[in-house]
Structures are given as structure tokens and as C-alpha cells.
Amino acid sequence: MTADSDRGPLDLVGESDLSCARDEMATCLGVDPHESDLFEIRFNSPQVAAAAKPGKFAQILVSDGQVPLLRRPFSFSRADPASGVVAFYLRAVGEGSGRLRRFEPGARARILGPLGRGFTLPSAPGRSVLLAGGLGAAPFPLLIERLLAQGEEVVWINGARDRAEIYPERLLPSGIAQVVIRTEDGSLGEQGLVTDGLIERLPGTQRLYACGPNAMLAALAKLWRELQAQEGTLPPLEVSIEAPMGCGFGTCLGCAIPLWDREGQQPGPYGLCCRQGPVLSAEQLDWGRLLQQPAHLG
Ligand SMILES: Cc1cc2nc3c(=O)[nH]c(=O)nc-3n(C[C@H](O)[C@H](O)[C@H](O)COP(=O)(O)OP(=O)(O)OC[C@H]3O[C@@H](n4cnc5c(N)ncnc54)[C@H](O)[C@@H]3O)c2cc1C
Ligand code: FES
């Protein structure tokens, strides 16, 4: 098995390291509601918090009954090994997230994680630009915290349809060099799209990280490829994508994602979002086929 840190630009064989995953009964510490059915939920889950990494996710068993039967995947939004606290940033869209929204302090849920492959942290300090579309902000507080801890200059670009969908600034770690807020309707920050003006930010940037709806990520990947053709070289772009998930660790084969071939020349095999992803290099994905897949239930 290839370790998480061994991700090459077109390394299609890298898979998540399941040896650090723990299945722990966690206790809810509280729910912090935001606008637009968004909320943050915090759990005491010391073993999972100790192993969580930015971009990885947990499978949460929300109920001890049969509904919902399957665990639900959610990215780690924050994780503090010292206090044993993990937090998730969610929108109540269905049975699982709806139940979590109604959790009271003391309620319990099984948390399995960390799962999947996370973001690659730079080996030396520089500048990283993070682009989040709407709920795609969820995995970034933990990434920002770990980047800042190793001396990285962080540029945070958060775009959404309107102000209610913007990640609350009070929850962001302090020390971010630049915060850019964009809303499509202009109700908060600049009016525009999360990708607007990206080219001006590229000189001196060593890494790009993005998470959001697949259509936004596909548009970003297209822009990045076009800029790469013009500029010759660009900072690597890592994206966190979603697919419907049953197990979260490679057995149900429910989370197939279309990949580009190893040479980067043509459509390649399908991979599993839960093992090769959810974070991948932008050039590893076959964006055309990904957008043709039935819309995921999220
Ligand atoms: C790696 C990963 C990380 C994720 N991280 C986050 C995160 O940090 N925060 C977050 O909020 N979400 C996240 N998601 C998405 C989340 O896992 C899904 O939205 C999940 O399905 C929610 O579970 P649920 O039980 O609340 O909703 P579900 O019951 O699964 O329903 C989800 C959506 O699908 C619709 N739906 C359900 N059944 C059907 C059907 N039969 N036909 C049509 N539509 C249907 C529902 O109305 C709803 O809109 C992540 C997903 C992945 C794969
Ligand atoms: S979710 Fe089961 S194989 Fe990926």
C-alpha cells in the first residue's frame, strides 16, 4: 500500500492508509447553529481526534436503530488532539445530518475515522491559496490551522451564493494573511465567483487547495489547465470531491470516480473516492465523466 504522503502528480495507485482509523463511541459536546440549515457539531472523540488529518473524513453512525442504516461521511472541520475534540460543519439535508442537527450535549454516535486521503502539506513554508465554495469550506479550518502551525502564509477565498452560505469568520483560525469573501448576489464581500481574479494570486503561491460543488471544482480545474498551458508551470491544485458513500473504506464499491490515465493522455480507469480520494490532484480526475455521473445525494 502506498502511504498518503507518496502522492505523485498522476499516482493512481495511492490509497488511504486505514491502519490509523479508529471506531470510537463519541459524545456530543454541542451544536452551534448557523443560517441556512448549516451548523457545527462537536464531539469528544479522543482517539479519532489524535489521528485526524486535514481533508480526511469520518463515517458517522448517527443512530443505534435502523434509520439511517448506513454511516454518513463528513470531513473533519476541526480536530484537537490535546482536548480530544473533533468538529464537523454540516448542512441538514436528510435523515443523518438532520438527526445530528437535533443532537443535545451528551448524545452519542459512533465515529469511524480518519478515512480517505487528505491534503498534502507543503514541505517548506510558502504561500497557499485555499478556495472554498459554500459548504466546501468544511474541511478547511483544520487545514488552515495545520498550515499556520508550520509557518505557511494562508490566503482564504470563500465564495457562495449569498451571505448565509459563507463560513462564519469567527470560526476561522486566527493568523490568516488574507481573507477574501465573494458572494454571487453581492450580499457579503465582493460580488463574483470564488475563482475570479485567481491569476493575480498565482505568482509566489506554492499550493492551491479547493473544495466545493463538483461543478465549481471542474470549472476551477479547467481554468487551472488553461493557465498552465499559458504560463508553463503552476502551483499544484488539490481538490476535495464528493461521491455517494456506503462503507467509506473500499468494500462496497459505491463511490466510483472516473480518473484520467497514468500518462495524462486519455480517460483511465475508475477509482474509489473513499480510498484514492476524497482529495486528489486536479489532473488525476476525468472531469467530463465526473460531471456526467448522476448527481450525488449531497
Ligand atoms: C468525503 C465526503 C465528505 C463530506 N463532508 C461533508 C461535510 O463536511 N459536511 C456536509 O454537510 N456534508 C458532507 N458530505 C456530504 C454528506 O455526506 C451527504 O450529504 C450525506 O448524504 C448526508 O446524509 P443525510 O443522511 O443527512 O442525507 P441523505 O439522506 O443521504 O440525503 C442527502 C440528500 O439526498 C437527497 N436524497 C436522499 N435520498 C434520495 C433519493 N432516493 N432520491 C433523490 N434524492 C435523495 C436528500 O433529499 C438530500 O438532499 C460529505 C460527503 C463525502 C463523500
Ligand atoms: S464508500 Fe464503499 S467503496 Fe467507497
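Just so it is clear, the structure is predicted and the values come from calculations on it, not from any experiment. For ligands, and for the atoms within them, numbers begin at 1 and follow the listed sequence.
Ranked by closest heavy atom to atom 23 (O) of ligand 1, the top entry among Arg72, Arg71, Lys56 is Arg72.
Looking at atom 3 (S) of ligand 2, its nearest protein heavy atom turns out to be Leu253 N, 3.1 Å. Scanning the protein for heavy atoms near atom 1 (S) of ligand 2, the closest one is Gly248 N, 3.2 Å.
Nearest heavy-atom pair across Ile157 and Arg182 is CG2-NH1, 4.0 Å. Residue Pro114 comes nearest to Ala51 through the heavy atom pair CG-O, 3.3 Å, listed as atom of the first residue, atom of the second, then distance. Listed here is the closest heavy atom pair of Ile166 and Gly159: CD1-C, 4.0 Å. Closest of all the heavy-atom pairs between Val31 and Cys28 is CG2-SG, 4.4 Å. Minimum interatomic distance between His34 and Phe39 (heavy atoms only, all atoms of both residues): CD2-CA, 3.8 Å.
In this structure, a donor-acceptor pair under 3.5 Å is absent between the side chains of Ser77 and Glu40. Side chains of Ser16 and Arg275: a donor-acceptor N/O pair is present below 3.5 angstrom, by distance only.
Ion pairing between Arg91 and Glu165 holds under the 4.0 Å rule for side-chain N and carboxylate O.
Each of the atoms 11 (O) of ligand 1 lies under 4.0 Å from some heavy atom of Arg91. Of all atoms in ligand 2, listed by their number and element, those nearer than 4.0 Å to a heavy atom of Met245 are 1 (S). Listed by number with element, the atoms of ligand 2 under 4.0 Å from a non-hydrogen atom of Cys274 are 1 (S), 3 (S), 4 (Fe). Atoms of ligand 1 lying under 4.0 Å from at least one heavy atom of Phe74, given by number and element, are 4 (C), 5 (N), 6 (C), 7 (C), 9 (N), 10 (C), 12 (N), 13 (C), 16 (C), 17 (O). If you number the atoms of ligand 1 from 1 as listed, the ones under 4.0 Å from a heavy atom of Leu135 come out as 10 (C), 11 (O). Annotation for ligand 1: atoms under 4.0 Å from non-hydrogen atoms of Met245 are 1 (C), 53 (C). Those atoms of ligand 1 that come under 4.0 Å of a heavy atom in Ala138, given as number and element, are 8 (O). For ligand 2 and Cys252, the ligand atoms under 4.0 Å from any heavy atom of the residue are 1 (S), 2 (Fe), 3 (S). Distances below 4.0 Å separate heavy atoms of Ser97 from the following atoms of ligand 1: 24 (P), 25 (O), 26 (O). In summary, the atoms of ligand 2 found under 4.0 Å from a heavy atom of Gly246, numbered by their order in the structure, are 1 (S). Within the listing of ligand 2, atoms 3 (S) sit less than 4.0 angstrom from a heavy atom of Thr251. Ligand-side atoms of ligand 2 in range of Gly250: 3 (S), range being under 4.0 angstrom from any heavy atom.
For atom 2 (Fe) of ligand 2, the set of nearby N, O or S atoms under 2.8 Å includes none belonging to Cys255. Coordination check, Cys247 versus atom 2 (Fe) of ligand 2: passed, since an N/O/S atom of the residue sits under 2.8 Å.
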_The test is salt bridge (Lys or Arg N to Asp or Glu O under 4.0 Å); show your working for Arg72 and Glu95 and say whether it passes._
CA-CA 10 Å; Arg72 296 293 195 257; Glu95 191 63 35; over 6 Å; no

_Test side-chain contact (heavy atoms from CB on, under 4.5 Å) applied to Asp37 and Arg101, step by step_ = CA-CA 9 Å; Asp37 289 331; Arg101 170 69 185 77; 6.0 Å; no

*Worked check of salt bridge (Lys or Arg N to Asp or Glu O under 4.0 Å) between Glu184 and Arg161*: CA-CA 5 Å; Glu184 287 173 39; Arg161 217 174 25 234; over 6 Å; no

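Under the 30°/60° scheme for interplanar angles, the aromatic rings of Tyr167 and Tyr89 are found to stand perpendicular.
Heavy atoms of Ala243 approach ligand 1 to within less than 4.0 angstrom. Contact between Phe88 and ligand 1 is absent, with no heavy atom of the residue lying under 4.0 Å from the ligand.
A distance below 6.0 Å separates the ring centres of Phe76 and Phe88.
At a heavy-atom cutoff of 4.0 Å, ligand 1 is contacted by no atom of Ala92, backbone or side chain. Counting heavy atoms closer than 4.0 Å to ligand 1, residue Pro73 contributes atoms from both its backbone and its side chain. Residue Val62 does not touch ligand 1, judged by heavy-atom distances below 4.0 Å.
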